[in-house]
Amino acid sequence: MSGLTALSAPGLFLTCVNYFELIQLGRNFKSDYASCAIRLEAAHIHLLRWGKAVDITNAEALQTKLSAYKEEDVEFAKDLLEEIKEKFERAEKDSGSFKKRAARNASANTDTDIDVLDPSTELQLASKEHITASKAMTKIKRGYTEALSVVSGAHDRTRWALYQKKNLKALVDEVSGLVTELEKLFPDIDPEMTQRANQLARDEVASLDNTTLELLPALLENTDPVFNAAVKSVEKLRGLDVRDVNIDGDGIVHMGNKYAPDQQHDGGSSISIGSLSVKGSANSHIGHSFGYAR
């Protein structure tokens with residue numbers, strides 16, 4: 001079989017994964033560095049999740065799947081991976097051109113548009129919500145790279161920077177769009193791939209706190225449909241929205257569903273309470289109970 005094989009697929013995939021490790025952000029990103037860095041990290045995770053879902057670093061299993069597939073469709077998968085690689089190469093080339101022009105126009109002893117921001121410094125200046133989200137995304141990414149035995153190649157290559165926000169948006173949108181195309185293609189090769197990808201995304205979401213879950217969908221801007229679906233699924237499972245609560249006096253108040261030990265559940269129906277006042281010493285519970293005798 002020509003084109004994409006069980007040997008070439010992991011290599012292409014790992015090349016694309018390592019490109020994310022090479023990218024830095026320039027001074028123009030200082031006002032919202034954390035948001036932009038999280039968007040880039042999310043696109044990285046999107047690609048890693050797909051790789052894990054198709055078990056791309058397992059050459060033997062991948063060869064079995066590809067051998068049963070039409071060669072033209074395998075070539076299309078190869079083209080998509082090649083295109084992702086080309087998007088990074090184009091962004092790196094544009095970065096080099098921008099850097100040369102900016103250096104020629106820069107005045108001596110002044111900050112320039114080609115100054116690169118230090119991630120540690122910039123994240124310390126970010127909001128608590130952004131710091132929490134960034135740490136959570138880094139942990140998720142590390143989990144995938146370890147599971148896929150990805151060895152960073154960043155130390156072997158020169159790091160480069162994105163200097164304009166429009167270029168970051170274009171790169172994230174284009175790469176994520178191509179990964180989404182891969183997600184749609186490979187279920188035909190491996191019918192269980194979609195199920196695995198969905199479960200991986202749900203596992204990601206389960207590791208995030210509520211504040212991060214509120215923050216990420218807006219930052220991702222629908223670039224990762226599988227992740228967005230997982231967020232909506234978890235929101236549906238959690239299903240409780242209580243507002244304007246006023247509790248006065250002694251008592252034990254529990255807001256949320258209650259599950260008996262070892263009780264299997266899928267979340268229960270949604271509860272929305274616009275206003276609630278609890279007074280006195282009553283023991284109150286707001287939510288459903290599962291597995292408890294009435």
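Along the sequence shown, residues are numbered consecutively beginning with 1.
- Between the side chains of Asn18 and Glu21, not a single donor N or O lies within less than 3.5 Å of an accepting N or O.
- Note: Phe88 and Phe20 meet the aromatic proximity criterion, with ring centroids under 6.0 Å apart.
- Under 3.5 Å, the side chains of Tyr163 and Gln24 contain no donor-acceptor pair of N or O atoms.
- With no hydrogens or angles considered, no side-chain donor-acceptor pair links Ser97 and Asp94 at under 3.5 Å.
- Annotation: side chain of Phe227 is in contact with side chain of Leu216 (closest heavy-atom distance under 4.5 Å).
- Side-chain contact between Asp209 and Thr212 is present, with at least one heavy-atom pair separated by less than 4.5 Å.
- The closest side-chain heavy-atom distance from Leu125 to Tyr33 is not below 4.5 Å.
- A donor-acceptor pair shorter than 3.5 Å can be found between the side chains of Glu41 and Thr138.
- Side-chain N/O atoms of Thr145 and Lys52 include no donor and acceptor closer than 3.5 Å.
- Between Glu204 and Met137 there is no side-chain heavy-atom pair separated by less than 4.5 Å.
- With contacts defined as side-chain heavy-atom distances shorter than 4.5 Å, the pair Leu62/Ile56 qualifies.
- Here Glu183 contributes atom CD and Asn198 contributes atom CG; the two are 9.0 Å apart, rounded to the nearest 0.5 Å.
- Hydrophobic clustering of Ile, Leu, Val, Met, Phe, Trp and Tyr side chains at less than 4.5 Å, counting indirect connections, keeps Val226 apart from Leu219.
- The closest side-chain heavy-atom distance from Leu48 to Val17 is below 4.5 Å.
- Salt-bridge formation is not detected for the pair Glu86/Arg90: no Lys NZ or Arg NE/NH1/NH2 atom is positioned less than 4.0 Å from an Asp or Glu carboxylate oxygen.
- Using a 4.5 Å cut-off on side-chain heavy atoms (C-beta onward), Phe29 and Gln164 make no contact.
- There is a side-chain donor-acceptor pair under 3.5 Å between Asp203 and Gln199.
- Here the CD atom belonging to Glu60 is positioned 10.5 Å from the CG atom belonging to Asp55, to the nearest 0.5 angstrom.
- Within 6.0 Å of CD in Glu192 there are 12 or fewer heavy atoms belonging to other residues, nucleotides or ligands.
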